[in-house]
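Okay, structure first, notes after.
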Amino acid sequence: MPLAVVVAADEPLLVVCSNDPLALLQAAYHLGNRHVALELQADQLRLLADPVLEHLLGHRGLQVAHLQAPFLPESGAYGASHSHP
């Protein structure tokens with residue numbers, strides 16, 4: 001029986017970084033309040049590209065970069081995966 005390999009497709013993402021861990025934690029908090037799906041890493045946040053959120057994060061003094069990569073967000077308290085609008 002042949003096996004199928006499923007690989008997540010690349011998506012346009014924002015990568016958010018800061019030299020201040022508290023600033024990154026605060027950004028995660030504010031994005032969570034907006035129910036934004038986030039991929040959490042030790043030194044960065046990743047979210048689907050959104051120009052409004054990009055402006056908000058940049059205005060908070062965070063470094064925001066663009067990346068094409070698979071998006072693997074946290075599943076959240078109820079285990080639901082992210083959905084696209």
Side-chain angles (χ1 to χ4, degrees):
M1 173 184 271
L3 296 176
V5 177
V6 178
V7 178
D10 287 351
E11 301 186 61
L13 304 178
L14 298 177
V15 179
V16 183
C17 299
S18 176
N19 293 327
D20 179 1
L22 181 58
L24 199 58
L25 186 59
Q26 289 170 330
Y29 173 82
H30 289 291
L31 291 167
N33 276 343
R34 293 172 176 257
H35 301 279
V36 174
L38 290 175
E39 181 177 336
L40 305 174
Q41 298 191 10
D43 61 346
Q44 63 181 232
L45 306 173
R46 291 184 180 191
L47 61 143
L48 293 172
D50 179 308
V52 173
L53 295 176
E54 181 177 2
H55 177 76
L56 171 87
L57 294 163
H59 186 71
R60 294 185 62 86
L62 299 157
Q63 295 91 41
V64 182
H66 292 259
L67 176 69
Q68 285 286 133
F71 183 46
L72 306 169
E74 291 292 314
S75 61
Y78 302 103
S81 63
H82 81 289
S83 62
H84 295 277

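All values reported here derive from a predicted model rather than from experimental measurement.
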> So do V64 and V15 actually touch side chain to side chain, heavy atoms under 4.5 Å?
Replying inline: no
> With sequence neighbours left out, which residue pairs that include part of residues 43-53 fulfil the side-chain hydrogen bond (donor to acceptor under 3.5 Å, both in side chains) condition?
Replying inline: Q44-R46
>> If hydrophobic residues (ILVMFWY) are linked whenever their side-chain heavy atoms come closer than 4.5 Å, directly or via other members, who joins V6 in its cluster?
In response: none
> Taking the side chain as C-beta and beyond, is there a heavy-atom pair between C17 and L62 under 4.5 Å?
Replying inline: no
List the atom pairs, donor and acceptor, that lie under 3.5 Å between side-chain atoms in residues 19-42 and the rest of the protein, sequence neighbours left out.
residue, atom, partner, partner atom, Å
D20, OD1, L22, N, 3.0
E39, OE1, L72, N, 3.0
E39, OE2, Q41, NE2, 3.0

> Hydrophobic cluster mates of V5, side-chain heavy atoms under 4.5 angstrom, ILVMFWY only, any path?
Replying inline: V7
>> Working to the nearest 0.5 angstrom, can you tell me the gap between L47 CG and L57 CG?
In response: 6.5 Å
> What residues form a side chain to side chain contact (heavy atoms under 4.5 Å, CB included) with A49, not counting sequence neighbours?
Replying inline: P12, L14
